[in-house]
Amino acid sequence: VNVSTVEARIRHHKWELKYEYKSPDCFRKLVITVNGRSPGPTILAQKGDTIVVEVKNSLGTENAAIHWHGIRQIGTPWFDGTEGVTQCPILPGETFTYRFVVDRAGTYIYHAHYGMQREGGLYGSIRVALPDGESEPFAYDYDRSILLNDWYHKSTYEQAAGLSDKNFSWVGEPQSLLIQGRGKFNCFTVTDPNSLCDTSNPECSPYVLTVVPGKTYRLRLSSVTALSALSFQIEGHNMTVVEADGHYVEPFEVKSLFIYSGETYSVLIKADQDPSRNYWIQTDVVSRKPNTTSGSAILNYYPNHPRRPPPTPTPARPQWDDADSRLSQSLSIKARRGLGRPPPATSDRVILLLNTQNEADGYRRWSVNNVSFNHPHTPYLIALKHKLTGEFDQTPPPDGYDFKNFDIWVKQNNSNATTSSGIYRLKFSTTVDIILQNANTMNVNDSETHPWHLHGHDFWVLGYGLGKFDLFKDPKKYNLVDPIEKNTVPVHRYGWTALRFVADNPGAWAFHCHIESHFYMGMGVVFEEGIERVGKLPSSIMGCGASKGLGFP
Ligand SMILES: O=C1O[C@H]([C@@H](O)CO)C(O)=C1O
């Protein structure tokens, strides 16, 4: 008999957030650490476990909130960790306890969701294993989590102040790329004599992945970049993609994996090359013209010395503007045969979301259907549940745009964008289609890739295309047979992406561009569904705006 008697476990973590001086890419700056580390500790769990994280905010003078990216928070919408949407921020000196169930095996991440704090270094991996006795539909010997990030030397405050100034200043390209928290900045370019940059600092020695010849490794790759779309490659080794955002992928091979901010993938590699040497692991900026050197790490074949540099030059960077290869990878990702869940055949509502760069009131913004998102002061979940209708704009944003007349290929004037805190109210349990439509930015001949992340759900990815979405023809080409489910998906330059999800998770959920500065500049929306089914909110999420005193009987 195969009766599982293993009780789901409670995994208890005690975390302290602090600003500390660190040199992840050899340049010393203040970094947000979890228990002294950035990336923070990896959360290891088994499907069905309850994760409890007691977060003490010791940032001194700064609020905090932590989002559990890819965890749907079924029944616990108040622990999604999205400041302004699901909770008030954790005040300096206070301790907030997150408590949620990890209900599906897979690769997930956690990161700050307050202001632009993620790029300060507050992020880490979540790895949820199958219950005892169940096995994955692929074989491997070892399992490793690798976080990819881009890294800036300016503080998030300097960046945010520049973005929200009438005299707009853009964050620019990152100073370096980090692999599992380590990168290498060229210190010779530092002109400030007071800055501390030391390429011999052991904190910035490259990440080393040691492999035993002949063994197969499952690499769980996650991107938490502030801006960059990345390619990831391992010299001399092909990778087989087997998982994306917690869902099994029909396996396919790549030389170079494209990964967008907020996405996670598992790839399998076999250590089957010449074992007498080491190999380069490399990540590069794609989709924007790079001004950042490659991020490098070492694939170390045991028993070679882990720091021995590979005898070959670093691999060639993939061409940054090769849009075809990126679209082609997107189209290759399908649910694993026999293991995917097919989507409902039809939807109840179609929401077209046009992504544009705008000016609103003289400020540079990003907008969806010409509405730029503005956080209210009282989190939506609390305002909705307690019917505090004065706390956000009650007019919902539009379900579409003037798609007949709008030309996505040219620079618009866009001076008429408005800012709003209005949200989409979805009928509980209905099926919703979202069409992300990309367009030209405010620069001539320019369109950018945007990775969109949905909280509280996974969506089926029904299709991608280039150009303007055709409401009549394109839905006929949807993949309703084996679409992958994901929580983050790119909308490619001048392209569209079609998604479907079921609005069956009571709560208020953000859906936004995962580029940190773009969300900060208004590139997001909020969905509400089934608010009347949400249970009593914990008083710990309250204390700001109109929720002051609400939690106390
Ligand atoms: O929001 C953005 O602003 C800059 C640029 O468009 C400013 O001109 C850029 O690359 C973004 O992604």
Identified side-chain contact (heavy atoms from CB on, under 4.5 Å) partner of L221 from the options I179, T264, I259, T283: I259
Could you check whether any side-chain heavy atom of L122 comes within less than 4.5 Å of a side-chain heavy atom of I66, counting everything from C-beta outward? yes
Could you tell me whether D143 and R220 make a salt bridge, using a distance below 4.0 angstrom between a side-chain N and a carboxylate O? yes
Is NZ or CZ of R364 both nearer than 6.0 Å to the six-membered ring centre of F168 and within 45° of the ring axis? yes
Give a yes-or-no answer on whether the side chains of T312 and E235 include a donor-acceptor pair shorter than 3.5 Å. yes
Any side-chain donor-acceptor pair under 3.5 Å between Y157 and Q159? no
So, for P398 and N369, which heavy atoms are closest and what is the spacing to 0.1 Å? O-ND2, 3.0 Å
Does a donor on one side chain sit under 3.5 Å from an acceptor on the other, for S266 and R218? yes
Any L219 side-chain heavy atom under 4.5 Å of Y265 side chain: no
Under a 3.5 Å cutoff, is there a donor and acceptor pairing between the side chains of S256 and Q233? no
To the nearest 0.5 Å, tell me how far H69 NE2 sits from E263 CD. 8.5 Å
Would the distance check show the side chain of K476 and the main-chain N or O of F472 forming a donor-acceptor pair, the cut-off being under 3.5 Å? yes
When rounded to the nearest 0.5 angstrom, what is the spacing between OG in S517 and OH in Y152? 6.5 Å
Name the residue from F403, F406, F469 that meets the side-chain contact (heavy atoms from CB on, under 4.5 Å) definition with L354. F406
Would you kindly say whether R365 and S372 are connected by a side-chain donor-acceptor distance under 3.5 Å? yes
Would K468 pass as a cation-pi partner of W409, given that its NZ or CZ must be under 6.0 Å from the six-membered ring centre and within 45 degrees of the axis? no
For E119 and W151, what are the C-alpha separation, side-chain angles and deciding distance, and is it a side chain to side chain contact (heavy atoms under 4.5 Å, CB included)? CA-CA 7 Å; E119 65 177 71; W151 195 246; over 6 Å; no
Rounded at 0.5 Å granularity, tell me how far CD1 in I408 sits from OH in Y494. 8.0 Å
State whether a side-chain donor-acceptor pair under 3.5 Å links S228 with R288. no
Regarding Y19 and E62, is there a side-chain donor-to-acceptor distance under 3.5 Å anywhere? yes
Can H512 and H450 be counted as having a side-chain donor-acceptor contact under 3.5 angstrom? no
Any non-hydrogen side-chain atom of R118 less than 4.5 Å from a side-chain atom of T156? no
Given the options H113, H111, H518, H514, H453 meets ring pair (Phe, Tyr, Trp, His ring centres under 6.0 Å) only with H514
Check: Y140/R144 side-chain N/O donor and acceptor closer than 3.5 Å: no
Report, as yes or no, whether the 6.0 Å neighbourhood of atom CZ on R349 holds more than 12 heavy atoms from other residues, nucleotides or ligands. yes
NZ/K334: more than 12 non-hydrogen atoms of other groups inside 6.0 Å: yes
Within a 6.0 Å radius of atom CG on N443, are there more than 12 heavy atoms belonging to other residues, nucleotides or ligands? yes
Take V102 and I71 through the side chain to side chain contact (heavy atoms under 4.5 Å, CB included) test and state the conclusion after the steps. CA-CA 6 Å; V102 286; I71 310 299; 3.8 Å; yes
More than 12 heavy atoms of other residues, nucleotides or ligands under 6.0 Å from NZ of K166: yes or no? yes
For the residue pair S367 / N370, report whether a side-chain donor-acceptor contact shorter than 3.5 Å exists. no
Would you tell me whether H455 and D80 have side-chain atoms, one donor and one acceptor, within less than 3.5 Å of each other? yes
Test of understanding: with disulfide bond (SG atoms under 2.5 Å apart), list the residues that count as partners of C204, not counting sequence neighbours. C26
From CA spacing to verdict: side chain to side chain contact (heavy atoms under 4.5 Å, CB included), W509, T82: CA-CA 9 Å; W509 308 104; T82 312; over 6 Å; no
Are V286 and F258 close enough that some pair of their side-chain heavy atoms sits under 4.5 Å apart? yes
Within a strict 4.5 Å, meaning less than it, do heavy atoms of the H457 and E485 side chains meet? no
Are T225 and N149 linked by a side-chain donor-acceptor pair shorter than 3.5 Å? no
Closest non-hydrogen atom pair, W280 against P315: CB-CD, 3.7 Å
For the residue pair T293 and R317, what are the closest heavy atoms and their distance? CA-NH2, 3.3 Å
Any idea which heavy atoms bring A65 and G81 closest together, and the distance? CB-O, 3.5 Å
L227 CG to C513 SG distance, which is reported to the nearest 0.5 Å: 9.0 Å
Provide the closest heavy-atom pair for S38 versus V31 in the form atom of the first, atom of the second, distance. CB-CG1, 3.7 Å
Does D284 reach the side chain of W320, with side-chain heavy atoms less than 4.5 Å apart? no
Straight-line distance of Y464 OH to D474 CG, nearest 0.5 Å: 14.5 Å
Residue set satisfying side-chain hydrogen bond (donor to acceptor under 3.5 Å, both in side chains) with D470, at least two apart, ordered chain then number -> none
Please assess R500 against D433 for the test salt bridge (charged side-chain N to carboxylate O under 4.0 Å, His left out), listing each intermediate value before the final yes or no. CA-CA 4 Å; R500 179 167 291 175; D433 282 1; 2.6 Å; yes
Candidates R341, H247, K486 - the one meeting side-chain hydrogen bond (donor to acceptor under 3.5 Å, both in side chains) with D458: H247
If you take all heavy atoms of N374 and Y380, which pair is closest and at what distance? O-OH, 3.9 Å
Spacing of OH belonging to Y279 relative to CG belonging to N300, to within rounding of 0.5 Å: 11.5 Å
Taking the side chain as everything from C-beta on, heavy atoms only, tell me whether L299 gets closer than 4.5 Å to N278. no
Pairing donors with acceptors under 3.5 angstrom, does anything connect the side chains of H492 and S330? yes
Are side-chain heavy atoms of P483 and L462 found at a separation under 4.5 Å? yes
Does a side chain donor of either N355 or W452 reach within less than 3.5 Å of an acceptor in the other side chain? yes
